[in-house]
Number of protein chains: 2
Amino acid sequence: MDLSTSYPPELSPEQKQHLVATIKDWCIHHSLTVRPPPAFIQGVADPQGVLATNAPVTLFPSLFPRPCYESAVSVQTTYNQLYASITGNVEWLGGVIEELVDVDDFVSGLWKVHLAVKSEGYVQPLSLGLFRSDYMVYGSSGSFKEAQLKQVEFNTIAASFGGLSSLVSQLHTSLLSSPTGESIVYPSHPAFKGNLPPENSAVPTLAGGLAAAHKAYGPSKSSPNPLPLCILFIVQAGERNLFDQMELATCLTQSHNIPVFRVTSDEILELTSIPESNPARPIIYTPRYSPSTQFEATTIYLRALYGPQDYPDDTAWKARTHIERSAAIKCPTVLNQLSGCKKVQQILATETGGPEMDYLTRFLPDTEPALLEKIRATFAPQYDLAEGGRGRELALNPETAVYHVLKPQREGGGNNVYRDAIPPFLKSLPEKDWKGWILMELIQPPPAKNVALRSDGQVLSGDVIGELGMYGTILWADDGRVLHNKQGGWLMRTKAKDSDEGGVAAGFSSLDSILLV
Amino acid sequence: MDLSTSYPPELSPEQKQHLVATIKDWCIHHSLTVRPPPAFIQGVADPQGVLATNAPVTLFPSLFPRPCYESAVSVQTTYNQLYASITGNVEWLGGVIEELVDVDDFVSGLWKVHLAVKSEGYVQPLSLGLFRSDYMVYGSSGSFKEAQLKQVEFNTIAASFGGLSSLVSQLHTSLLSSPTGESIVYPSHPAFKGNLPPENSAVPTLAGGLAAAHKAYGPSKSSPNPLPLCILFIVQAGERNLFDQMELATCLTQSHNIPVFRVTSDEILELTSIPESNPARPIIYTPRYSPSTQFEATTIYLRALYGPQDYPDDTAWKARTHIERSAAIKCPTVLNQLSGCKKVQQILATETGGPEMDYLTRFLPDTEPALLEKIRATFAPQYDLAEGGRGRELALNPETAVYHVLKPQREGGGNNVYRDAIPPFLKSLPEKDWKGWILMELIQPPPAKNVALRSDGQVLSGDVIGELGMYGTILWADDGRVLHNKQGGWLMRTKAKDSDEGGVAAGFSSLDSILLV
């Protein structure tokens with residue numbers, strides 16, 4: 001019998017009421033929280049911005065096929081290495097990017113930052129990646145047993161929810177095992193028997209990557225007097241998801257004893273500086289509230305500046321260039337961000353036939369073929385829209401378009417075109433711009449249900465689709481040397497099946513955890 | 001130089017903005033939170049009750065005289081013993097209470113519960129107290145050096161804020177020592193030099209008392225089959241201060257592995273039962289959401305049923321009687337709650353002259369005289385309103401009344417009459433009811449200032465008055481045997497000087513911590 005067909009178990013009204021009340025309180029008590037969305041609480045109702053509410057979470061953990069989870073774990077450090085290698089091969093990556101610069105202003109802007117810093121010369125040989133590889137389970141048979149893991153995207157910048165995801169694992173673990181090792185808040189179900197979510201070490205893993213970079217930076221480069229060192233988090237003004245970020249900052253402060261400061265992207269040029277007289281280009285942070293204090297940033301972690309919306313004017317591009325030319329270790333560099341373009345993912349995934357075009361072997365020459373095969377097996381069918389190619393054919397034919405999604409180069413969702421909207425959308429674009437888009441087959445997961453508690457307290461249930469993200473971190477030098485390469489922690493996001501976008505912060509979907517079956 | 005005159009240091013606008021923003025986020029991230037007060041967020045704006053906000057907190061810890069703090073620590077276990085002894089001397093306590101029953105319906109109601117259970121016979125010899133002794137510093141000279149510790153009241157029921165108080169200590173400690181062991185968020189001040197709030201062990205101390213009772217209860221008394229054991233927290237419906245309570249529950253669950261359930265006072269009779277056939281009278285809890293599960297409560301911790309507002313009808317009195325007659329260890333028993341009457345405090349404090357009337361020696365026969373003197377030194381001048389007595393004279397004379405407060409038997413504030421309101425208030429009462437009230441000299445603390453962040457985000461600064469609560473817990477048997485007697489943790493509450501009431505949950509005042517000077 002397939003456990004998933006009867007999952008989750010039906011809640012009585014009393015059970016549902018209690019489960020929701022318990023989760024609401026647990027979330028606040030454990031900081032599984034967000035600032036409330038404006039559609040729920042308008043700014044005028046909370047002018048000082050003190051309110052918080054639970055992050056959107058599922059009432060039940062979702063079932064996930066164990067072999068798929070284990071595959072995702074087993075390939076992560078190789079994926080880390082793959083994207084480090086791509087980032088390091090500037091010639092190859094540049095060739096891909098230069099194809100896009102005339103159709104994608106944002107990619108073009110990033111590439112110009114790289115070219116500007118390259119012409120001056122980079123001063124920091126180390127790069128840090130905090131990655132998240134996102135997967136869905138493909139199971140056309142409807143059976144978990146035959147399910148396959150397929151990659152949706154590989155995030156090389158601002159991969160979020162490591163903090164809150166760990167907390168959802170704790171929430172579901174607590175619900176599954178309280179009060180006496182067995183749950184009384186859930187109805188019984190065979191999937192619960194002796195089963196808890198796998199360990200979720202996203203916070204120590206991601207913070208560990210940042211701490212490794214901080215340590216590798218070495219002593220202060222400031223002269224004549226060395227400065228105390230710190231890590232800077234570059235964040236968006238008015239970030240509602242700050243408590244997710246604070247989990248990492250708290251871990252860095254408490255477990256690694258590293259000072260962390262939050263700087264919004266529009267404060268970068270005001271609060272940080274690179275002394276012109278110092279060829280090592282340390283970047284100095286001066287808190288606005290303590291102007292006599294200075295810190296030197298070893299590592300700059302971007303939780304902003306990842307998409308066009310963060311670059312409203314030229315100042316933001318100046319700020320990004322300012323960071324890029326500094327001695328700080330960037331998480332990520334501009335090149336590492338660009339390696340996350342959908343075009344790169346599509347080139348890797350496309351069957352090319354000739355061994356000279358086998359990019360996996362080229363970028364991972366020391367990796368066992370069996371592991372490369374495991375990576376390759378995660379690639380979903382995807383295509384460019386080149387003239388006369390398979391992608392263009394599938395995208396323009398309404399009968400085949402309905403099984404696909406059209407993606408621009410951005411990460412993070414919100415810009416995709418789905419199914420029958422694809423042919424008219426493409427026809428509305430000049431054909432020369434089509435090369436900025438990638439067509440990807442929609443992954444059809446086995447049917448599943450869940451119940452979600454939204455941030456405004458509403459409880460919704462129905463058919464859902466889940467997406468598993470696997471976190472990894474890698475610190476490498478531009479000569480190819482790898483100083484730190486770890487896998488650890490995961491994110492389950494579950495969205496209503498009729499919603500085509502997956503951004504949790506936008507409220508379309510919920511944070512979840514998994515039970516392996 | 002007196003450090004306090006320049007305290008707290010002046011904040012620049014940038015410092016204030018940063019300090020407030022940091023505290024707002026820290027509070028949510030560490031669950032130093034309350035559900036928002038209705039004056040801030042009306043129920044209609046948050047129909048599901050998901051929102052939370054920071055508890056009202058001070059931006060700075062308050063300065064507190066070290067000798068006064070050390071006195072409060074040193075007398076706590078003796079105070080625990082004192083109130084256990086008073087509770088155990090039913091003849092003496094009954095004499096005090098019977099004086100009040102015709103003028104105080106609430107005291108009368110509690111006394112009737114005791115009489116009813118006494119006539120049936122108590123089945124549980126053990127009592128648990130989680131106490132908080134509240135003090136102010138008396139310093140008419142305005143100098144900290146000559147300050148004296150004076151007791152405001154001794155709380156024997158529902159002493160709150162142990163959880164949130166510990167968090168405020170952590171908040172201020174973090175602000176004083178970050179990012180590198182020294183603060184950059186506060187302006188420098190001599191009081192900060194190498195100084196942090198004293199350790200605040202309120203949570204492990206209070207949870208440790210509950211755990212000691214749970215253990216002392218012994219095995220299940222249910223028959224024919226023993227039941228799993230638990231602790232019940234009796235709480236108010238719609239409690240805004242639940243995150244304070246959850247700190248204790250989480251400690252019991254995580255550190256002591258004891259299941260804890262929350263039951264609102266109006267659910268007691270529905271969700272708990274005492275099998276008529278079992279003379280041991282175990283009290284059985286059946287969760288509404290899991291009707292096939294039963295737990296036997298070893299310990300019942302009251303965070304409700306402490307004042308008249310919790311007894312809207314006879315059902316609430318039935319519920320209190322139901323608890324009182326059960327085999328569970330009550331925290332507190334009705335008698336222990338009654339020992340907290342202001343009348344008891346006043347009798348203890350009143351100089352009587354004769355050794356046969358020296359109640360301290362009588363209730364603490366094995367205590368060293370020096371320690372008794374320390375206890376006695378904490379008594380503030382207080383009086384009954386007996387005809388021809390000093391209290392009546394001071395209360396009716398407008399010139400002396402202004403230095404006093406008139407208190408009924410209740411704990412928890414909100415019912416007091418202050419200063420020049422006293423003479424007209426008394427004249428509005430029938431003289432026969434005056435014996436229900438106690439006149440207490442207002443304690444005049446040295447001048448102090450602070451800045452508070454309210455739950456709605458407003459920041460207020462000005463002259464303040466602080467009140468230090470010291471937590472203690474004692475588990476004793478009705479034969480006088482003491483099984484557990486601990487002091488640990490404290491609460492600082494700071495209110496605007498022009499506010500005469502101190503209830504933090506009501507928003508009149510803020511949670512604070514202390515720096516000893």
Side-chain angles (χ1 to χ4, degrees), chain A residues 11-12 14-21 24-31 33 35-36 40-41 45-54 174 178-180 183-185 187 228 230 242-243 246-247 250 253 257-262 287-293 295 453-459, chain B residues 11-12 14-21 24-31 33 35-36 40-41 45-54 174 178-180 183-185 187 228 230 242-243 246-247 250 253 257-262 287-293 295 453-459:
Chain A
L11 293 165
S12 71
E14 292 78 14
Q15 286 171 327
K16 187 168 173 181
Q17 192 276 333
H18 179 74
L19 190 53
V20 168
K24 278 186 338 190
D25 294 344
W26 195 100
C27 285
I28 300 296
H29 190 54
H30 292 80
S31 193
T33 50
R35 295 290 182 193
F40 173 28
I41 297 292
D46 179 20
Q48 313 300 323
V50 288
L51 293 172
T53 183
N54 58 277
S174 154
S178 71
T180 54
S183 179
I184 62 171
V185 298
C230 75
L242 76 165
F243 304 108
M246 285 181 80
E247 291 290 313
T250 301
T253 306
N257 206 22
I258 300 172
V260 173
F261 297 97
R262 294 171 64 83
R288 187 185 284 127
Y289 53 89
S290 183
S292 62
T293 316
F295 285 83
L453 171 67
R454 300 202 318 192
S455 284
D456 62 2
Q458 286 198 58
V459 179
Chain B
L11 292 166
S12 71
E14 292 78 13
Q15 286 171 328
K16 188 168 173 180
Q17 192 276 332
H18 178 75
L19 190 53
V20 168
K24 275 187 338 190
D25 294 344
W26 195 99
C27 285
I28 300 295
H29 190 53
H30 293 80
S31 194
T33 50
R35 295 288 182 195
F40 172 28
I41 297 292
D46 179 18
Q48 313 300 322
V50 288
L51 293 172
T53 183
N54 58 275
S174 155
S178 73
T180 56
S183 178
I184 63 171
V185 298
C230 74
L242 76 164
F243 304 108
M246 284 180 79
E247 291 290 314
T250 300
T253 307
N257 206 24
I258 299 171
V260 173
F261 297 97
R262 294 170 64 82
R288 188 185 284 126
Y289 53 91
S290 183
S292 62
T293 316
F295 286 83
L453 171 67
R454 299 202 318 193
S455 284
D456 62 2
Q458 286 198 60
V459 179

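Note that the structure is a prediction, hence the values are computed from the model and not measured. FYI, side chains are in, hydrogens and waters are out, and symmetry mates aren't considered; it's all heavy atoms of this structure. Proteins get letters first, then strands, A, B, ... in listed order; numbering begins at 1 in each.
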**Fill in**
Looking only at A/R35, A/Q17, A/K16, A/H29, most heavy-atom pairs under 4.5 Å shared with chain B are made by A/H29
**Complete:** Residue from B/A52, B/C27, B/G457 scoring the most non-hydrogen pairs under 4.5 Å with chain A is B/A52
**Item:** Closest heavy-atom pair and its distance - A/L51, B/F40
**Value:** CD2-CE2, 3.7 Å
**Message:** Among residues at least two apart in sequence or on other chains, which ones pass side-chain hydrogen bond (donor to acceptor under 3.5 Å, both in side chains) with B/S178?
**Reply:** none
**Request:** Measure the CZ-CG distance between A/R262 and B/D25 for me, rounded to the nearest 0.5 Å.
**Result:** 7.0 Å
**Request:** Might you point out which heavy atoms bring A/I184 and B/F261 nearest each other, and give the distance in Å?
**Result:** CD1-CE2, 3.9 Å
**Qualifying residues under side-chain hydrogen bond (donor to acceptor under 3.5 Å, both in side chains), relative to B/T53, sequence neighbours excluded** = none
**Prompt:** Looking at OG1 of B/T250 and NE2 of A/H30, how far apart are the two atoms once the value is rounded to the nearest 0.5 Å?
**Reply:** 5.0 Å
**Asked** Which atoms of A/Q458 come close to chain B, meaning under 4.5 Å heavy atom to heavy atom: side chain ones, backbone ones, both, or neither?
**Response** backbone
**Request:** Count the heavy-atom pairs under 4.5 Å between each of B/N257, B/L453, B/D456 and chain A, then report the option with the highest count.
**Result:** B/D456
**Asked** Side chain, backbone, both or neither: which part of B/S174 has an atom under 4.5 Å from a heavy atom of chain A?
**Response** neither
**Fill in**
Okay, A/L19 and chain B: the region with an atom under 4.5 Å from a heavy atom over there is neither
**Interchain contact, A/V185 with chain B, by part (heavy-atom threshold 4.5 Å)** = both
**Prompt:** Of the backbone (N, CA, C, O) and the side chain (C-beta and beyond), which part of B/T33 lies under 4.5 Å from a heavy atom of chain A, both, or neither?
**Reply:** side chain
**Complete:** Shortest non-hydrogen pair, A/Q48 vs B/K24, comes out as O-NZ, 2.6 Å
**Item:** Heavy-atom contact with chain B under 4.5 Å, split by part of A/H18
**Value:** side chain
**Message:** Rounded to the nearest 0.5 Å, what separates atom OG in A/S290 from atom CD in B/Q15?
**Reply:** 7.0 Å
**Message:** At a heavy-atom distance under 4.5 Å, which candidate from B/E14, B/M246, B/R288 has the highest pair count against chain A?
**Reply:** B/M246
**Request:** For each of B/Y289, B/F243, B/W26, B/F295, tally heavy-atom pairs with chain A at distances under 4.5 Å, and name the one with the top tally.
**Result:** B/Y289
**Prompt:** Side chain, backbone, both or neither: which part of A/S292 has an atom under 4.5 Å from a heavy atom of chain B?
**Reply:** neither
**Fill in**
Pair count under 4.5 Å, heavy atoms only, with chain B: among A/T253, A/I28, A/I258, highest is A/I28
